Amino acid sequence: MSFILYRNGAVSLRNAEIARIFYELAELHEFRGDDFFKIRAYRNAAKVLAGLNEPVEEIKKKVDLKKIPGIGKNIAKKIEEILLTGRLQKHEELLREVPQGVIEIMSLPGIGPKRASMLLEKLNISNPEELAEAALAKRVRGLPGMGVKLEMDIIRNVEMIKRRSGNVLLATARELAAELTEYLNIISSVTRVEVGGSIRRWRETVGDIDLVVEAEDASMVFDAVKSHPRIKEAAKIVENRARFHTWWGIDVELEIVPEEMFFLALHKSTGSKKHLSRLQEILGAKGVDFAHSVIERTDAVHDEGDIYAALGMSYIPPEIREDRGEIESAINDRLPQLVEQSDIIGDLHIHTTWSDGVATIEQVVKRAKEKGYKYLAITDHSQSLKIAKGLSLEKLKKQHREIRMMNEKFSENNEDFRILTGMEVDILPKGDLDCPDEILEETDIVVASVHSAFRQDRETMTGRIISAINNKNVDIIGHVTGRLLGRRDEYALNLERVLDAAAACGTILEINSSPDRLDLNDINARLAKDKGIKIAVNTDAHDLKRMDEMPYGVAVARRAWLEAGDIVNTMPLEKLLLYLDEKNK
DNA sequence: GCCGTTTTCGGCCCGACTGTTTTCAGTCG
């Protein structure tokens, strides 16, 4: 039997891991106050690497890495070193020089390299905990340029980091879970593997990876897992259960079960705890013991549907097992027909090389067609977002002309595909838009988003977004609450009023599929649906790979109980354009 | 660091906001 995938101890790093080394390299150089352009080059290379469609190792076999835009002689050499040795000497050198915790300090809002290095130098602070302590002891305010407000921010933001600790983004967990699943599947005694727990429910962040494995010999499976390169050590092994620490900082929990118990175990693993206990409670009230009544018929359980059927209710998809009314609905056979990935036939928020994306219009269109989409909106940034190479009005017009020409070609060739002209227009601090109305008017899809002045007070921010909603040329509000999971809380906002305004104007709200945004979240998206607001599930992709993140947005939609009819990019093009037309009157 | 050439070095990076000031440095997107 061969379950060792990786020979000679050489672990092939994934693009994301290589990218992470360059991101860190950039931060280390930044702390040292090194050349801005070098730092930017590293960051850019990291972004490019993370966005590649194919493992860089495979690409290297075919072409010179220097051919990839953003990768030059030096970075190519560094990549080769990483591929060969799994490490980068320069990176490790700097890590020895700069305390690890200092990098974490720099990730706190309001603290950059200058302040981090002053804190280290003057107060000998080298990690977030020490910094929070110093802030509590009112020692930070003694330093030049730092005051009471910053101390309060520090205390709050270190708290935010702590809350995050132990949790990773769903996308990270899914990636590792998929790799382990694939690995387990080649072990001969394993007949079935499923990912359970909060990953299966598509929660936005998860604490650990739960795997349910159907196999005869638990110890054999555990031995194999121990030798997987992502596994650091076994934390606990008791009978048919084991917990492992991984190098990625997230734990893996394995449960080995015989065939007849597989779906019961998967169901239990999937949870949520609230869902399971509510199930117990409701059935208990009817005098049915949930566990007992099902287990008596294990031979009749061939999937989870059988479990719910045995309990006298319709099947409840994992995403909505949160005790938010799904059990009552299932008993009355009134569950929604949740939207599916296959219902999505377009993406209405995409960036290209025209602004800060790394793929051309041609490339994203090709990818969209491969995905079976019927349309795509190109929505590059507007002029004032300089850092993201926002388009001047001239360039925007030029882009729209080019898109129209491409569309003409599609119709000449009888191709059933359409590129929608679009833009992601900034909602400026005072609530006006970063583009004149006459241009917005002739643009197919206008996504309006906040990218600046995040710390306005609640009243101002609410008014700001509502005034964008009130502009009839705005079709979609992008990433409505502005949060970045684990990095930036949502801005102060009276969401209730924003939803009411969107409902009144017919303005579409976005579910942004980017795994670090997922914004609107499940709860807010469900509120929006209840008010009759239409939703667009968009990727906001800046490269080809991130166009694949649509399932994360769809999962949020499902967790929000949304059906295909609630989502505009399930509509055929004509219907979508009609909807926008009606709305804009 | 990369890139692009009028080929080997110069250009690439910008404006607003914030908290601290009292004229601005640092941070951010």
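Chain identifiers are assigned alphabetically (A, B, ...) following the order of the sequence lines, protein sequences preceding nucleic acid strands; residue numbering begins at 1 within each chain. This one's a predicted model, so the numbers in the text were calculated from it and none came from an experiment.
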- Task: Write down the distance separating the P atoms in B:dC13 and B:dT5, rounded off to the nearest Å.
- Result: 16 Å
- Query: Rounding to the closest angstrom, what is the interatomic distance between B:dC12 and B:dA25 at atom C1'?
  - Reply: 23 Å
- Audit row: A:Asp540, A:Ser514, side-chain hydrogen bond (donor to acceptor under 3.5 Å, both in side chains) steps and yes/no: CA-CA 7 Å; A:Asp540 192 3; A:Ser514 179; over 6 Å; no
- Note on the structure: 5'-most to 3'-most nt of DNA chain B touching chain A (<4.0 Å, heavy-atom partner on protein side) reads B:dG1 to B:dG29
- Message: With rounding to the closest Å, how many angstrom separate the C1' atoms on B:dG26 and B:dT20?
- Response: 10 Å
- Message: Work out how far the C1' atom of B:dT8 is from that of B:dC2, and round it to whole angstrom.
- Response: 14 Å
- Which whole number of Å gives the distance between the P atom of B:dG10 and that of B:dG15? 25 Å
- Message: So, using side-chain hydrogen bond (donor to acceptor under 3.5 Å, both in side chains) as the criterion, who are the partners of A:Asp35 when residues are at least two apart?
- Response: none
- A:Glu27: side-chain hydrogen bond (donor to acceptor under 3.5 Å, both in side chains) partners, not counting sequence neighbours: none
- Query: If the P atom of B:dT7 is compared with that of B:dG1, how far apart are they to the nearest Å?
  - Reply: 25 Å
- Check every strand shown and say whether A:Tyr42 touches a base, only sugar-phosphate, or nothing at a heavy-atom separation below 4.0 Å. sugar-phosphate
- Positions of residues 105-115 of chain A (non-hydrogen atom under 4.0 Å from DNA chain B), listed by number: A:Leu108, A:Pro109, A:Gly110, A:Ile111, A:Gly112, A:Pro113, A:Lys114, A:Arg115
- Watson-Crick or G-U wobble mate for B:dC9, both contacts under 3.5 Å: B:dG4
Side-chain donor-acceptor pairs under 3.5 Å in residues 95-115 of chain A, sequence neighbours left out?
from     : atom 1 : to       : atom 2 : distance (Å)
A:Glu97  : OE1    : A:Arg32  : NH1    : 3.0
A:Glu97  : OE2    : A:Arg32  : NH1    : 2.9
A:Ser107 : OG     : A:Glu104 : O      : 2.7
A:Arg115 : NH1    : A:Gly110 : O      : 2.9

- Kindly indicate, with the supporting measurements, whether the criterion side-chain contact (heavy atoms from CB on, under 4.5 Å) is fulfilled by A:Trp354 and A:His381. CA-CA 9 Å; A:Trp354 283 75; A:His381 288 290; over 6 Å; no
- Check every strand shown and say whether A:Ile71 touches a base, only sugar-phosphate, or nothing at a heavy-atom separation below 4.0 Å. sugar-phosphate
- Note on the structure: Heavy-atom nearest nucleotide on DNA chain B taken for A:Glu151 and for A:Asn74; more 5' hit belongs to A:Asn74
- Message: Within the 4.0 Å heavy-atom criterion, would you say A:Lys78 contacts the bases, only the backbone, or no part of the nucleic acid?
- Response: sugar-phosphate
- Query: Which part of the nucleic acid does A:Arg43 contact within heavy-atom distance under 4.0 Å: base, sugar-phosphate only, or nothing?
  - Reply: nothing
- For A:Ala116 and for A:Gln456, find the nucleotide of DNA chain B with the closest heavy atom, then tell me which residue's nucleotide is more 5'. A:Gln456
- Message: Apply side-chain contact (heavy atoms from CB on, under 4.5 Å) to residues A:Leu170 and A:Glu204 and explain how you reach the verdict.
- Response: CA-CA 5 Å; A:Leu170 174 64; A:Glu204 55 198 30; 5.7 Å; no
- Task: Only counting residues at least two apart or in another chain, list the ones meeting side-chain hydrogen bond (donor to acceptor under 3.5 Å, both in side chains) with A:Lys398.
- Result: none
- Tell me, please, which residues at least two apart from A:Lys529 pass salt bridge (Lys or Arg N to Asp or Glu O under 4.0 Å). A:Glu563, A:Asp566
- Chi-based syn or anti call at B:dT8, which uses purine or pyrimidine torsion atoms and a 90° bound: syn
- Query: Which part of the nucleic acid, if any, lies within reach of A:Phe454 when heavy atoms closer than 4.0 Å are counted: base, sugar-phosphate only, or nothing?
  - Reply: sugar-phosphate
- Note on the structure: Here the side chain to side chain donor-acceptor pair (under 3.5 Å) pairs for residues 144-161 of chain A, sequence neighbours left out, are A:Arg141-A:Glu151, A:Asp153-A:Arg156, A:Asp153-A:Arg455
- Query: Between B:dA16 and B:dG11, how far is it from one P atom to the other, in whole Å?
  - Reply: 25 Å
- Looking only at atom P, what distance separates B:dT27 and B:dT21, rounded to whole Å? 15 Å
Indicate every side-chain donor-acceptor pair of residues 504-511 of chain A with a distance under 3.5 Å to a residue at least two apart or in another chain.
from     : atom 1 : to       : atom 2 : distance (Å)
A:Thr507 : OG1    : A:Ile469 : O      : 3.4
A:Glu510 : OE1    : A:His479 : N      : 2.8
A:Glu510 : OE1    : A:Asn512 : ND2    : 3.0
A:Glu510 : OE2    : A:His349 : ND1    : 2.7
A:Glu510 : OE2    : A:Asn538 : ND2    : 2.9

